[in-house]
Amino acid sequence: MNEKAVVITVSDKAARGERVDASGPMLAGKLEEDGWQVVWTETVPDEEACIRRALLHGADELGAALILTTGGTGFSPRDITPEVTLQMVERLTPGIPEAMRAESMRITPRGCLSRSVAGIRGRSLIVNLPGSPKAAEENYDAVSGAIRHGIQMLASDGSADCAVPETAKKSAPSLDRWLKEAKAQENAGQTGMYLFHNGVVRETAKAAVRAGAENTAPVKGMLFSWNSEKVAAAEEQARMMEGITYVRVWLNEGRLGVGDDLMLVLVGGDIRPHVLGALEQLVKNLKEICIKEQEIF
């Protein structure tokens, strides 16, 4: 399968060097973590000709299977990324932006204001994402698995079975990249330390660890799922705790094996007691309220 990807940031300020582009590098990093080969990244102003040239270069000249744009999807008069995208694509894929907006609505009522579109040009899939790094990441995570399957279908000469469950696990994000992005936030000067938690699938059964059960069979894997609305609520609760300046959560899903990553949680704040307390409470809430674990023996 063609695994070439392109990321295009659409922003007047970023193109003029007046604002550091955080969304483009973040998306490029996530694509690489998911196995894509990012062959080109570009920042263009909110101008029809510039956006058009970038999309043409990514699809027609580079032959990228996936083109992600970030920015220009709001209500500002200069937000024209969806309109230019609609001119460039040959077939619409409305389910992708619908799924992204549905996920955004779980987090904020303003999620319905995104005007993102997605469509196919030749053998390339073009997807608009918001300009906010947080919203862009949430939107990408909501559809990344479906996008890969869709591109497999696009690359094939026949049809693919959409009913086949996706069992491939996700790759954990780079903690170094997370820390770099956290330290680029406006309130980073208020942060005195960061602590993280990395949960993995263990061979010892939960019954043995949590209840002291004896003679339990070794775990061979786990079916792992979670409720996005409850996760968002747990994150927001952590952000409201005293002294906390930064909260970020990544959760795996699907059928996992022993040693695979379950979650990565990063919390930043002013002093250690506040950060440690928030991290412990957030992980506790995730485990007890938000996620579902089914061990495989």
message = salt bridge (Lys or Arg N to Asp or Glu O under 4.0 Å), that's the test. Do Glu42 and Arg53 meet it? Break it down for me.
response = CA-CA 11 Å; Glu42 181 67 312; Arg53 281 197 297 269; over 6 Å; no

State, yes or no, whether a side-chain contact exists between [X] and [Y] at a heavy-atom distance under 4.5 Å.
| X | Y | answer |
| --- | --- | --- |
| Arg121 | Ile67 | no |
| Leu129 | Thr73 | no |
| Val219 | Arg202 | no |
| Ile151 | Asn2 | no |

request  = From the options Leu55, Leu62, Val38, Leu31, select the one residue that forms a side-chain contact (heavy atoms from CB on, under 4.5 Å) with Val6.
outcome  = Leu62

Identified side-chain contact (heavy atoms from CB on, under 4.5 Å) counterpart of His197 within the set Val283, Leu282, Leu266 =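 Of Val283, Leu282, Leu266, side-chain contact (heavy atoms from CB on, under 4.5 Å) with His197 is met by Val283 alone.
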
[X] atom [atom1]: more than 12 heavy-atom contacts under 6.0 Å:
| X | atom1 | answer |
| --- | --- | --- |
| Gln87 | CD | yes |
| Glu229 | CD | no |
| Arg16 | CZ | yes |
| Arg19 | CZ | yes |

request  = Give a yes or no on whether Leu56 and Ile126 share a hydrophobic cluster (residues Ile, Leu, Val, Met, Phe, Trp, Tyr; joining criterion: side-chain heavy atoms under 4.5 Å apart).
outcome  =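 Yes, because Leu56 and Ile126 connect within a single hydrophobic cluster, where side-chain heavy atoms sit under 4.5 Å apart.
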
ask   = Sequence neighbours excluded, which residues qualify as salt bridge (charged side-chain N to carboxylate O under 4.0 Å, His left out) partners of Glu48?
value = Arg52

message = If the condition is salt bridge (charged side-chain N to carboxylate O under 4.0 Å, His left out), which residues does Asp270 pass it with, not counting sequence neighbours?
response = none

message = I'd like to know if the side chain of Asn128 pairs up with that of Thr85 as donor and acceptor (distance under 3.5 Å, no hydrogens or angles considered).
response =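 Present: a donor and an acceptor within the cut-off.
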
query = Tell me, which pairs form a salt bridge (charged side-chain N to carboxylate O under 4.0 Å, His left out) where one or both residues lie in residues 125-136, sequence neighbours left out?
reply =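 Qualifying pairs, neighbours excluded: Lys134-Glu138.
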
Roughly how far apart are [X] [atom1] and [Y] [atom2], rounded to 0.5 Å?
| X | Y | atom1 | atom2 | value |
| --- | --- | --- | --- | --- |
| Ser132 | Met26 | OG | CE | 8.0 Å |
| Ile107 | Asn139 | CD1 | CG | 8.0 Å |
| Ser114 | Met100 | OG | CE | 6.0 Å |
| Glu33 | Ser174 | CD | OG | 6.0 Å |
| Asn227 | Leu251 | CG | CG | 11.0 Å |
| Leu68 | Lys30 | CG | NZ | 11.5 Å |

message = Enumerate the ring-ring contact (aromatic ring centres under 6.0 Å, His included) contacts for residues 44-96, please, sequence neighbours excluded, ordered by first and then second residue.
response = Trp40-His57

remark   = Residue pairs passing the ring-ring contact (aromatic ring centres under 6.0 Å, His included) test with at least one member in residues 219-257, sequence neighbours excluded, are none

ask   = Can Asp21 and Thr9 be said to form a side-chain hydrogen bond (donor to acceptor under 3.5 Å, both in side chains), step by step?
value = CA-CA 8 Å; Asp21 175 24; Thr9 300; 2.7 Å; yes

Run the salt-bridge test on [X] and [Y] with the 4.0 Å N-O cut-off and return the result as yes or no.
| X | Y | value |
| --- | --- | --- |
| Arg239 | Glu235 | yes |
| Glu3 | Arg148 | yes |
| Glu83 | Arg115 | yes |

ask   = Between Met263 and Val231, is a side chain to side chain contact (heavy atoms under 4.5 Å, CB included) present by the stated rule, with each step listed?
value = CA-CA 12 Å; Met263 68 175 69; Val231 171; over 6 Å; no

Heavy-atom pair with the smallest gap, counting every atom of Val275 and Ile244 =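 Scanning both residues, the minimum pair turns out to be CA-CD1, 3.9 Å.
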
ask   = Please walk me through it: do Glu236 and Val247 pass side chain to side chain contact (heavy atoms under 4.5 Å, CB included)?
value = CA-CA 8 Å; Glu236 186 60 26; Val247 175; over 6 Å; no

key: Worked verdict on Leu125 versus Ile96 for side chain to side chain contact (heavy atoms under 4.5 Å, CB included)   = CA-CA 11 Å; Leu125 175 63; Ile96 294 175; 3.9 Å; yes

request  = Would you check if the side chain of Asn187 reaches a backbone N or O of Thr245 as a donor-acceptor pair within less than 3.5 Å?
outcome  =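 Yes, because the side chain of Asn187 sits within donor-acceptor range (under 3.5 Å) of the backbone of Thr245.
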
query = Listed by chain and number, what are the side chain to side chain contact (heavy atoms under 4.5 Å, CB included) partners of Arg78, not counting sequence neighbours?
reply = Asp12, Asp46, Glu47, Ser76

request  = In sequence, state the C-alpha distance, the side-chain angles, and the governing distance for Asp261 and Val200, and then conclude on side chain to side chain contact (heavy atoms under 4.5 Å, CB included).
outcome  = CA-CA 4 Å; Asp261 294 293; Val200 299; 3.8 Å; yes

